[in-house]
Participant: 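Structure in structure tokens, see below.
Just follow the structure's listing: the first ligand is 1, and inside any ligand the first atom is 1. Every value quoted in this text rests on a predicted model; they were computed, and no experiment measured them. As a basis for the values below, the full set of heavy atoms in this structure was taken, side chains included, without hydrogen atoms, waters or symmetry mates.
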Amino acid sequence: MTLKPYAVVTGASSGIGAATSHALAKEGFHVIAAARRVDRLNALAASASGLDGEIEAFELDVTNQGSVDALAKALVGKPLEVVVNNAGGAFDASAVLDADIESWEKTYDINVVGSVRLIKALAPILRAHGKGHLVVLTSTAGHVVYETGGSYTAAKHGEKALVNTLRLELAGESIRVTEIAPGMVKTEEFAVTRFKGDAAAASKVYEGVANPLTAEDVAEAIRWSVMLPDHFNVDSMTIRPLAQAAQHKVIRK
Ligand code: 8X3
């Protein structure tokens with residue numbers, strides 16, 4: 001029996017990662033949904049029953065080399081075709097001169113170093129399979145900066161640089177490299193984490209905005225770029241709600 005193509009999605013326990021796992025399982029992938037919170041992953045896996053593909057939970061911490069190595073080991077010999085590097089996040093909303101150094105380190109560690117760690121570990125498996133697709137979730141914060149966004153915008157600019165470097169270095173191989181850069185996406189956790197659990201501050205981000213993007217909207221952009229023919233590479237896709245014409249141009253009613 002031929003195995004279904006495999007896809008790894010990191011940060012899969014909620015939001016964009018969970019929605020992407022679902023979208024790819026619907027397309028027939030065997031999705032390895034990876035994150036730290038296994039209870040959530042198990043619920044996600046159960047929700048995929050009846051789809052063409054399936055979701056398998058895998059406990060992963062992208063800031064831990066041993067954890068990433070264990071994922072790579074589990075995938076040796078598997079037909080891994082897609083890696084969606086989605087684990088990341090913002091952990092403060094402070095001006096640079098008020099910077100909490102540990103928060104900057106954490107932000108860089110998860111968004112940039114964690115991405116390198118994952119991609120470095122899994123690229124040999126894509127190579128062994130003969131073709132593959134690395135999809136990296138950056139952010140419009142990787143394209144422009146804004147006040148009190150320093151730790152996150154710096155990390156996302158770094159992650160974008162990583163993706164662009166990788167595309168140059170993998171040129172000539174059958175591995176596609178795509179950056180998906182969402183703007184305002186309303187998810188359960190992103191803003192709440194950034195504002196350290198302050199739900200009121202988090203909800204202000206989306207106040208009066210008609211239809212911020214959803215996790216499912218972003219998953220659709222990822223799904224579309226993954227399902228394109230192998231010769232068709234989306235280098236970078238910027239997606240925003242209609243109410244957000246630019247980082248600082250948000251229409252609030
Ligand atoms: C999240 C988008 O505008 O909060 O990646 O930087 S923003």
Participant: I need the atoms of ligand 1 closer than 4.0 Å to a non-hydrogen atom of Gly183, numbered in the order shown.
Facilitator: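 Near Gly183, the atoms of ligand 1 are 2 (C).
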
Participant: Before giving the answer on salt bridge (Lys or Arg N to Asp or Glu O under 4.0 Å), spell out for Arg40 and Glu188 the whole-Å C-alpha distance, their side-chain angles and the decisive distance to 0.1 Å.
Facilitator: CA-CA 13 Å; Arg40 282 178 166 246; Glu188 190 192 339; 3.0 Å; yes

Participant: Take the angle between the ring planes of Trp224 and Phe232 and call it parallel below 30°, perpendicular above 60°, tilted in between.
Facilitator: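 Ring orientation of Trp224 relative to Phe232: perpendicular.
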
Participant: Any chance the side chains of Gln247 and Thr140 put a donor and an acceptor closer than 3.5 Å?
Facilitator: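 There is such a pair (donor and acceptor under 3.5 Å, judged by atom type) between the side chains of Gln247 and Thr140.
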
Participant: Classify the contact between Gln247 and ligand 1 as side chain, backbone, both or neither, using a heavy-atom distance cut-off of under 4.0 Å.
Facilitator: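 The answer is the side chain of Gln247.
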
Participant: Hey, which atoms in ligand 1 end up nearer than 4.0 Å to a heavy atom of Ser139?
Facilitator: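 Those of ligand 1 that fall under 4.0 Å from Ser139 are 1 (C), 2 (C), 5 (O), 6 (O).
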
Participant: What about Tyr152: any of its N or O atoms under 3.5 Å from an N or O on ligand 1?
Facilitator: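 Between Tyr152 and ligand 1 (N or O atoms, distance only) the closest approach is under 3.5 Å.
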
Participant: Report yes or no: do Asp109 and Thr63 form a side-chain donor-acceptor pair below 3.5 Å?
Facilitator: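 Thr63 and Asp109 do not have a side-chain donor-acceptor pair below 3.5 Å.
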
Participant: Looking just at side-chain N and O atoms, do Ser115 and Asn85 make a donor-acceptor pair shorter than 3.5 Å?
Facilitator: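 The criterion, which ignores hydrogens and geometry beyond distance, is satisfied for Asn85 and Ser115.
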
Participant: Salt bridge (Lys or Arg N to Asp or Glu O under 4.0 Å), that's the test. Do Arg37 and Glu59 meet it? Break it down for me.
Facilitator: CA-CA 7 Å; Arg37 294 173 297 179; Glu59 186 175 359; over 6 Å; no

Participant: Is it the side chain, the backbone, both or neither of Lys156 that has a heavy atom closer than 4.0 Å to ligand 1?
Facilitator: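 For Lys156, there is no contact with ligand 1 at all, from either part.
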
Participant: Give me the nearest non-hydrogen protein atom to atom 6 (O) of ligand 1 as residue plus atom name, then the distance to 0.1 Å.
Facilitator: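 Residue, atom and distance for the closest contact: Tyr146 OH, 2.5 Å.
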
Participant: Closer than 4.0 Å to some heavy atom of Arg194 - which atoms of ligand 1 meet that?
Facilitator: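 Contacts of ligand 1 toward Arg194, numbered from 1: 4 (O).
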
Participant: Please could you name the atoms of ligand 1 that Ala141 approaches to less than 4.0 Å, counting only its heavy atoms?
Facilitator: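 Contacts of ligand 1 toward Ala141, numbered from 1: 6 (O).
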
